[in-house]
Amino acid sequence: MLPQILVISDPPHRDVDQEVVASILGLESDDARLKIGFAAPEVLSASDPARANEVAASLRSAGLSVAVIDGHAMAGIPWPTLVSSFEFGSQGLIARSGENVVEVRYETPVAVVYCKPPPDFPRGGPGGGATDSKAAAGDGFTATETIEWMARLDLYFTQNEALRRISIVDDVTDFSGLGGRSEPSADEGLAATLSECRSRFAHLAVDSRLENVRPRQRFIAGERGFDLDLRKAFSFGTLLLRQVLDSISPELRDIPQYEYGSRVAYLLNGTRREA
């Protein structure tokens, strides 16, 4: 099978020719307008390398900011380790997950992706009810489903020559080391944690484009609301995107949107460092 090379939007964009973008992506004009205005990065096309670079060049000429990424890089990103408590020590951020302790030293280059549902989004997702991230058993797909509807900070860093990721979610109540302040609310705690990271880490790249983006549910064939209309192309939840992700790795086919969005944002940060 040919490698899946992904063309990914990298908003915000310049002045965009909406009709040209619609023609390139095979979309109706209104669908193209929605893609151009969407604040978070998303996959726009997937193909062989030559075709992907041709599509990317055409979109750039129409004013759209895009990046070209090997899809297998998305599969190589580790699942998050959920943090149960953390503190800012003298030399680094100390995060605990069960009996495991991870220290991220302040001189370590760190990429942060901030995911946060809009204020009117129900706590615990469309079904309502709080979800306790600490009940998640281990890492991986189950953990990402557990925290899907929650605000979170994903911290990516390299340790012992391997990429690692920890996730601080909005139900972590032990916000130790935040300057001795009174215990904040969940949203305030994450905002304070991000601010503290900015002040302490020497090399920090923050992507907050998933802030106030409403996470979507996945469509599944046979379920009410399943969308066979491929005019939306590779939008999250469509069959076309799920097929592409499955061809890259079966583990990716059904990943939740924030997990998908976090991986995409991290990969885009890497393309900027290489540019």
A.B. asks: Going by heavy atoms in the side chains, are P215 and W149 under 4.5 Å from each other?
C.D. replies: yes
A.B. asks: Do the side chains of Q243 and R253 get nearer than 4.5 Å, heavy atoms only?
C.D. replies: yes
A.B. asks: With no hydrogens and no angle check, do the side chains of S247 and Q4 hold a donor and an acceptor under 3.5 Å apart?
C.D. replies: yes
A.B. asks: Run L6 and V68 through side-chain contact (heavy atoms from CB on, under 4.5 Å) and show every step you take.
C.D. replies: CA-CA 6 Å; L6 308 177; V68 178; over 6 Å; no
A.B. asks: Less than 4.5 Å apart, any side-chain heavy atom of V110 and any of V104?
C.D. replies: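 With C-beta onward as the side chain, the pair touches.
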A.B. asks: Per the side chain to side chain contact (heavy atoms under 4.5 Å, CB included) rule, which among L241, T144, D254 passes with Y260?
C.D. replies: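 It is L241, the one option of L241, T144, D254 that forms the side chain to side chain contact (heavy atoms under 4.5 Å, CB included) with Y260.
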A.B. asks: Got a sec, which residues hit salt bridge (charged side-chain N to carboxylate O under 4.0 Å, His left out) with E103, two or more places apart in sequence or on another chain?
C.D. replies: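 With neighbours one apart ignored, the set is empty.
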A.B. asks: Between CD1 of I94 and CZ of F86, what distance do you get to the nearest 0.5 Å?
C.D. replies: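 One gets 12.0 Å once the value is rounded to the nearest 0.5 Å.
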A.B. asks: Hey, could you give me the CG/CD1 distance between L153 and I166, rounded to the nearest 0.5 Å?
C.D. replies: 9.5 Å
A.B. asks: Can you give me the closest heavy-atom contact between R242 and G237, atom names plus distance?
C.D. replies: CD-O, 4.0 Å
A.B. asks: Is a donor on one side and an acceptor on the other found under 3.5 Å between the side chain of S58 and the backbone of E54?
C.D. replies: yes
A.B. asks: Salt bridge check, E259 against R165: does any charged N sit closer than 4.0 Å to a carboxylate O?
C.D. replies: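 Yes, R165 and E259 are salt-bridged.
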A.B. asks: For the residue pair Y106 and F201, does the interplanar ring angle fall in the parallel (under 30°), tilted (30 to 60°) or perpendicular (over 60°) class?
C.D. replies: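 Rings of Y106 and F201: perpendicular, as their planes differ by over 60°.
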A.B. asks: Check this for me: E251, atom CD, are more than 12 non-hydrogen atoms of other residues, nucleotides or ligands nearer than 6.0 Å?
C.D. replies: no
A.B. asks: Is there a donor-acceptor contact under 3.5 Å from the side chain of S84 to the main chain of R96?
C.D. replies: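 Side chain of S84 to backbone of R96: a pair is present.
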A.B. asks: Please find the pair of heavy atoms, one from P118 and one from N212, that lie closest to each other, and give the distance.
C.D. replies: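 Shortest heavy-atom contact: CA-OD1, 3.7 Å.
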A.B. asks: Without swapping roles, check the side chain of R263 against the backbone of M74 for a donor-acceptor pair under 3.5 Å.
C.D. replies: yes
A.B. asks: Mind listing the closest non-hydrogen atom pair of P41 and S9 along with its distance?
C.D. replies: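 Heavy atoms of P41 and S9 come nearest at CB-O, 3.2 Å.
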A.B. asks: Do R152 and Y258 touch side chain to side chain, with heavy atoms closer than 4.5 Å?
C.D. replies: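 They are in contact (side-chain heavy atoms under 4.5 Å apart), so the answer is yes.
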A.B. asks: What do the steps show when you test Q159 against R164 for side-chain hydrogen bond (donor to acceptor under 3.5 Å, both in side chains), and what is the final call?
C.D. replies: CA-CA 7 Å; Q159 203 168 69; R164 300 195 64 178; 2.9 Å; yes
A.B. asks: Treating S47 as the side-chain partner and A52 as the backbone partner, does any N or O pair qualify as donor plus acceptor under 3.5 Å?
C.D. replies: yes
A.B. asks: How long is the gap from CG on D207 to OH on Y156, to the nearest 0.5 Å?
C.D. replies: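 These two atoms lie 10.0 Å from each other.
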A.B. asks: First locate atom CG of L59, then atom NE2 of H13, and finally report the distance between them rounded to the nearest 0.5 Å.
C.D. replies: 9.5 Å
A.B. asks: In Å, rounded to the nearest 0.5 Å, how long is the span from CZ of R209 to CG of L268?
C.D. replies: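 The CG atom of L268 is 5.5 Å from CZ of R209, to the nearest 0.5 Å.
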A.B. asks: Name the one of I69, D70, D48, N53 that satisfies side chain to side chain contact (heavy atoms under 4.5 Å, CB included) with I5?
C.D. replies: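 It is D70, the one option of I69, D70, D48, N53 that forms the side chain to side chain contact (heavy atoms under 4.5 Å, CB included) with I5.
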A.B. asks: Whether D10 and R60 form a salt bridge (side-chain N of Lys/Arg under 4.0 Å from carboxylate O of Asp/Glu) is what I want to check.
C.D. replies: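 No.
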A.B. asks: Hydrogens and angles aside, do K35 and S235 bring a side-chain donor and acceptor to less than 3.5 Å of each other?
C.D. replies: yes
